[in-house]
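To find a chain, count down the sequence lines: A is the first, B the second, and so on, and within it residues start at 1. Remember, it's a predicted structure, so these values are computed and weren't measured experimentally.
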Protein chains: 2
Amino acid sequence: MNLKELALILGLSPTTVSRALNGYPEVNEATRERVVAAAKRHNYRPNTRAIRLATGRAMAVGHVIPVATRHEIVNPIFADFIAGAGETYSRNDYDMVLSVVPDADEATTYRALRSKGNVDGVILHGPRLNDPRIPLLHEIGLPFVVHGRSTGTETPYPWVDVNNRRAFQRATEFLLDLGHRRIALVNGLEFMDFAVRRRTGYLDALAARGIIADPALMTSGEMTEIAGHRAGLQMLARPDPPTAFLAASMISGMGVRRAIEEKGLVMGRDISVIIHDDDLSYMKNGEDVPIFTATRSSVREAGRIAAEMLLDLINRPDGQVPQRLLEADLIIGQSTGPAPRQ
Amino acid sequence: MNLKELALILGLSPTTVSRALNGYPEVNEATRERVVAAAKRHNYRPNTRAIRLATGRAMAVGHVIPVATRHEIVNPIFADFIAGAGETYSRNDYDMVLSVVPDADEATTYRALRSKGNVDGVILHGPRLNDPRIPLLHEIGLPFVVHGRSTGTETPYPWVDVNNRRAFQRATEFLLDLGHRRIALVNGLEFMDFAVRRRTGYLDALAARGIIADPALMTSGEMTEIAGHRAGLQMLARPDPPTAFLAASMISGMGVRRAIEEKGLVMGRDISVIIHDDDLSYMKNGEDVPIFTATRSSVREAGRIAAEMLLDLINRPDGQVPQRLLEADLIIGQSTGPAPRQ
DNA sequence: TGCATCATCCAAAGCGGTTTGAATTGATTC
DNA sequence: GAATCAATTCAAACCGCTTTGGATGATGCA
């Protein structure tokens with residue numbers, strides 16, 4: 001069932017039918033009702049491909065998932081971000097198209113998406129310091145929203161980000177208030193912007209109390225259980241081990257916990273741990289009582305916001321450059337306690 | 001730069017340029033080279049929207065992600081499955097479009113995808129017993145591949161699945177061989193097909209040794225850390241606790257481990273644990289030495305296979321109904337050992 | 001030489017919608 | 001009674017490609 005057939009059945013021109021269904025004012029209300037009824041009855045649904053060609057809009061948003069060719073890791077927060085964003089897209093009749101691309105080909109992918117007209121805009125994931133993709137997207141004129149920020153990028157660009165610096169600063173202050181002085185940072189990869197901001201927050205908090213950060217207590221790496229475990233073991237094996245850890249994620253925190261327990265120590269009593277909790281649906285930080293004390297910010301919510309921003313940007317490109325900073329909550333769980341007396 | 005402009009520049013008709021670029025035989029080889037060179041020079045990329053309308057094919061594959069309205073969980077294996085499938089799509093110039101849909105609206109979504117012509121086929125995720133989506137897709141004639149199977153569905157349908165029954169049977173046998181008699185099953189939700197098959201494998205192995213399964217040692221629930229932890233605690237608190245656990249995933253296994261450790265027991269010595277390992281990139285089961293003894297099957301690989309099947313199905317619909325059963329490896333790690341003497 | 005064949009290219013008709021510009025009608029105004 | 005106007009409707013162009021059905025010469029063969 002297509003427009004022409006429907007028009008024939010109704011004894012109207014395709015023009016009028018199209019207008020009736022799209023809510024244009026220049027069509028008699030009685031006619032419109034007749035058309036709408038007929039459309040429902042024959043369950044007519046306009047062909048998306050035709051609409052897209054006719055309107056010149058893709059009615060689709062791209063998410064480019066870079067897969068690092070070295071360490072083939074897909075970011076686990078991805079599923080939840082997508083879930084958040086997807087709801088927004090569905091509501092607005094946009095498609096979400098995912099491109100899984102070896103990170104070396106990312107630039108090509110954006111260019112192709114643009115010139116082939118597959119999408120009206122994109123969400124940029126995992127921004128790095130001075131991320132080259134941002135000027136690239138500006139250059140090719142494809143609307144975009146960054147999930148995160150990119151330190152070093154001069155020209156303004158749309159983003160939604162968690163206040164990572166502030167979150168880790170607060171977490172560090174909280175540990176300091178509990179009497180901890182040797183606080184370890186098990187950070188994400190520090191070419192990622194968020195990781196650098198977190199380190200800054202951590203360092204700021206230490207500096208504010210006149211504590212000199214010990215490079216031996218700072219690592220950065222993949223946010224996996226394994227990496228967290230390894231970092232934890234290494235640091236706890238030192239002659240002057242930390243009494244507390246800041247871990248980059250739920251998952252690396254679990255690795256740290258495993259290291260603590262392997263050493264015969266008890267988390268929350270001997271060693272404190274604070275994680276950053278993205279509030280992933282399949283990786284909840286406890287139900288009523290949180291397992292970990294955590295800085296929490298829902299990545300799903302971030303997805304929702306980013307998607308709304310992008311659709312806005314696509315539909316009125318003249319507006320301001322939207323930017324949104326989300327504050328993380330500090331959730332007190334069972335993994336922290338006063339620093340043990342030496 | 002579009003086809004017409006390029007044709008004008010070359011002094012050729014759009015027809016010839018189109019054919020030259022699409023490798024049709026009826027164009028002079030010299031002409032083809034000239035066209036290809038010009039296309040590259042002006043970096044012409046045909047408009048996808050136009051191709052789609054003209055050819056009547058969407059050049060896109062849909063993945064419908066049902067978001068359960070009750071427990072808002074996004075399946076964590078999703079990211080890796082997508083990564084596997086996405087590679088295949090990119091290579092074949094197909095788009096992957098994700099629809100995040102409240103599970104109640106799933107049927108409507110398939111119907112709409114079909115009649116609006118957004119996709120040429122879909123991957124069905126998370127099949128249940130007697131899954132109504134399978135007859136639905138058959139009815140509306142949208143090519144599809146199921147990731148998993150659906151017990152009770154009579155007519156043949158295309159699928160790729162892990163041999164879950166066999167995997168859990170082997171895991172159970174392995175524990176039995178180690179002398180364990182009280183083996184607990186921390187299963188996924190048992191309206192999911194894979195969970196039922198796993199239970200069957202577990203029960204088969206027990207029955208083959210003449211062991212009567214204890215209902216108190218079987219739970220099914222969300223595959224989260226929390227749920228695994230809760231199940232572990234409950235069972236260990238019994239007067240006749242299990243000496244071994246089978247856990248449905250890496251994540252629920254970590255919950256079980258936490259329960260074991262909270263009880264002051266040591267995993268691999270006091271209590272054995274075997275998990276099913278989907279080989280998720282962000283959740284590796286150890287590097288050289290696996291943390292958990294596990295039945296392992298890469299969900300990413302499954303994604304790759306499913307995608308290839310689907311594209312095949314789309315491009316020659318006359319063929320056989322493809323079905324592919326993947327066997328899981330049994331990986332011996334540190335989480336299992338001989339059953340302790342009572 | 002005449003005719004069939006082949007290689008090469010093109011005009012034009014789709015694909016299924018949207019949108020422009022104009023036509024029709026009845027009511028209103030002068 | 002003619003002119004004006006608003007309310008409706010429609011024919012046709014268009015979006016940018018693919019594909020059908022020729023057209024045009026050159027070549028092969030009897």
Can I get a per-line list of side-chain donor-acceptor pairs under 3.5 Å for residues 2-15 of chain A, giving both atom names and the distance, sequence neighbours left out?
from, atom 1, to, atom 2, distance (Å)
A/N2, OD1, A/K4, N, 3.3
A/N2, OD1, A/E5, N, 3.0
A/S13, OG, A/T15, N, 3.4
A/S13, OG, A/T16, N, 3.2
A/S13, OG, A/T16, OG1, 3.2

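- Atom CD1 of A/I51 is separated from atom C1' of C/dT19 by 14 Å (rounded to the nearest Å).
- Put simply, A/Y24 has a side-chain N or O that comes within less than 4.0 Å of OP1 or OP2 on C/dT19.
- Remark: C1' of C/dT19 and CG of A/L3 are 13 Å apart, rounded to the nearest angstrom.
- Within the helix from C/dT1-D/dA30 to C/dC30-D/dG1, the inter-axis angle between the opening and closing five-pair segments is 60°, rounded to 10°.
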Checking A/R57 against A/D120 for the salt bridge (charged side-chain N to carboxylate O under 4.0 Å, His left out) test, could you report, in this order, the C-alpha distance in whole Å, the side-chain angles of both residues, the deciding distance, and whether it holds? CA-CA 7 Å; A/R57 312 189 319 156; A/D120 296 320; 5.6 Å; no
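- A search for salt bridge (charged side-chain N to carboxylate O under 4.0 Å, His left out) contacts involving B/R52 returns B/D95, not counting sequence neighbours.
- At most 12 non-hydrogen atoms from other residues, nucleotides or ligands lie less than 6.0 angstrom from CD of A/E154.
- Ion pair A/R91/A/E308 flagged as a salt bridge, since at least one NZ, NE, NH1 or NH2 atom sits closer than 4.0 Å to an Asp/Glu carboxylate oxygen.
- Residue B/N2 contributes atom CG, which lies 14 Å from atom C1' of D/dT18 at whole-angstrom precision.
- A 6.0 Å sphere centred on CD of A/Q320 holds no more than 12 heavy atoms belonging to other residues, nucleotides or ligands.
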What does nucleotides 23-28 of chain D look like as a protein-contact string, B for base, S for sugar-phosphate only, - for none, at under 4.0 angstrom between heavy atoms? ------
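- Within a heavy-atom distance below 4.0 Å of DNA chain D, the residues of residues 33-47 of chain B found are B/Y44, B/P46, B/N47.
- Between D/dT18 and B/S18, a contact under 4.0 Å exists linking OP1 or OP2 to a side-chain N or O.
- The closest donor-acceptor contact from the side chain of B/N92 to the backbone of B/Y94 lies at 3.5 Å or more, if one exists at all.
- With hydrogens and angles disregarded, a donor-acceptor distance shorter than 3.5 Å links the side chain of B/Q323 to the backbone of B/Y157.
- Electrostatic pairing of B/R111 and B/E106 does not count as a salt bridge here, judged by no charged N lying under 4.0 Å from a carboxylate O.
- Under the 3.5 Å distance criterion, the side-chain polar atoms of A/T88 are left unmatched by any main-chain donor or acceptor of A/A307.
- No donor-acceptor distance shorter than 3.5 angstrom exists from the side chain of B/D161 to the backbone of B/L325, with no hydrogens or angles considered.
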Start with the C-alpha distance between B/D318 and B/R316, add both sets of side-chain angles, then the distance that settles salt bridge (charged side-chain N to carboxylate O under 4.0 Å, His left out), and finish with yes or no. CA-CA 6 Å; B/D318 44 340; B/R316 39 184 164 311; over 6 Å; no
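- Across the protein-nucleic acid pair, B/R52 atom CZ and C/dG16 atom C1' stand 16 Å apart, rounded to whole Å.
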Assign a letter to each nucleotide of nucleotides 7-15 of chain C from its 5' end: B, base within under 4.0 Å of a protein heavy atom; S, sugar-phosphate only; -, no contact. -BBBBB-BB
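- Under the 3.5 Å distance criterion, the side-chain polar atoms of B/R49 are left unmatched by any main-chain donor or acceptor of A/R49.
- In this entry the distance linking CZ of A/R49 with P of D/dG16 reads 18 Å, nearest Å.
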